[in-house]
Amino acid sequence: MYLLAFAGACVLVAMVPGVSTAIILRQTIRSGRGGGLAATLGNETGILLWGLAAAFGLSALLVASQLAYDVMRVAGAVVLVVMGVQALRQARKGAPAPEVATAPGRRAAYLAGLGTCLANPKAAVFALSFLPQFVPAGQAGPATLVTLAVVWVLIDLLWYGLLIWAVARAADWLGRPAVRRRLEQISGIVLIGLGVRLVAESR
């Protein structure tokens, strides 16, 4: 029963737009389904690692250390701002034709998803505070938390998979140069805004 409640909460969390959504959508628009799925797998690898860290108490170290939290917060903000500036520069030069998701392109998309997730300290804090709420009395322990983390990842994969499918279906319209240029501008502004918000926010 607790897994059902947890799954429902994960669906709601996944549907809230954030850094992950922005990165995955941008990669999907740039490289199609392959790029979007690679970014999703990178993001979910990061989510799983934070879930495992929470299960074994490692995230608590980040929560307890203000310096470690601030370093990660600034690093995450820098990553987002850099990606946002790159998107704005690309839009200014003129958005290129949609890229073919080659192996190097998928690797870059995967690393983009993984890097932004791991560089976001709020993901660690969220995992530490979110997962334990659904642990039944008497079942506290790493195994239960790992199970919840896996469920979280699977639901994320399902949601982002549907999102990628919907964007890919609109590939003809999204592939128009004027539309792609506008989308690059929007994604750049969103990424920079998320980076600024991350560096400006306290815990």
Side-chain angles (χ1 to χ4, degrees), residues 10-54 58-59 62 72-90 95 98-127 130-131 148-168 171 174 180 183-184 186-199:
C10 286
V11 170
L12 294 177
V13 169
M15 293 176 68
V16 177
V19 175
S20 298
T21 305
I23 296 298
I24 291 167
L25 288 180
R26 182 167 187 258
Q27 293 298 332
T28 303
I29 292 168
R30 289 175 64 89
S31 305
R33 287 191 182 96
L37 289 173
T40 300
L41 290 175
N43 181 76
E44 298 316 311
T45 300
I47 291 293
L48 183 59
L49 290 176
W50 282 130
L52 294 175
L58 299 180
S59 295
L62 178 62
M72 283 197 63
R73 183 163 56 89
V74 173
V78 169
V79 170
L80 292 173
V81 170
V82 168
M83 293 182 69
V85 170
Q86 289 175 342
L88 291 178
R89 285 179 176 174
Q90 188 63 68
E99 302 170 359
V100 177
T102 60
R106 290 193 184 99
R107 190 180 307 115
Y110 176 87
L111 292 176
L114 176 63
T116 51
C117 183
L118 292 182
N120 185 0
K122 290 189 175 297
V125 175
F126 186 70
F130 180 57
L131 297 181
L148 293 177
V150 171
V151 171
W152 185 4
V153 166
L154 292 175
I155 289 175
D156 261 11
L157 286 172
L158 178 60
W159 168 252
Y160 288 125
L162 292 172
L163 201 59
I164 290 168
W165 176 83
V167 172
L174 294 175
R180 286 178 57 79
L183 289 174
E184 286 283 1
I186 293 172
S187 64
I189 293 171
V190 169
L191 289 170
I192 291 173
L194 290 170
V196 171
R197 188 182 71 175
L198 181 59
V199 79

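Hydrogens, waters and symmetry mates are skipped; everything else that's a heavy atom, side chains included, is used.
Heavy atoms only, all atoms of each residue included: Gly35 and Gln27 are closest at O-CB, 3.6 Å. Here the shortest heavy-atom pairing between Ile155 and Cys10 reads CD1-CB, 3.8 Å. Here the closest non-hydrogen pair linking Thr28 and Gly36 is OG1-CA, 3.1 Å. Of all non-hydrogen atoms in Val81 and Val196, the two that sit nearest each other are CG2-N, 4.5 Å. Summarising the geometry of Leu118 relative to Trp50, their closest heavy-atom pair is O-CZ2, 3.3 Å, with the distance given to 0.1 Å.
Side-chain contact between Asn43 and Ile23: absent, with no pair of heavy atoms (C-beta onward) separated by less than 4.5 Å.
Rounding to the nearest 0.5 Å gives a distance of 6.0 Å between CD1 of Ile164 and CD1 of Ile24. Interatomic distance, OG1 of Thr116 versus CG of Leu111, reported as 10.5 Å (0.5 Å rounding). From Ser20, atom OG reaches atom CD of Glu44 across 7.0 Å, with rounding to the nearest 0.5 Å.
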Legend entry - From CA spacing to verdict: side-chain contact (heavy atoms from CB on, under 4.5 Å), Leu48, Trp152: CA-CA 8 Å; Leu48 183 59; Trp152 185 4; over 6 Å; no
Inset, instruction - Could you give me the CA-CA distance, side-chain angles and deciding distance for Cys117 and Ile47, then say whether side-chain contact (heavy atoms from CB on, under 4.5 Å) is met? - result: CA-CA 7 Å; Cys117 183; Ile47 291 293; 3.9 Å; yes
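Evaluated for a side-chain contact (heavy atoms from CB on, under 4.5 Å) with Leu157, the options Thr40, Leu162, Leu37 yield exactly one hit, Thr40.
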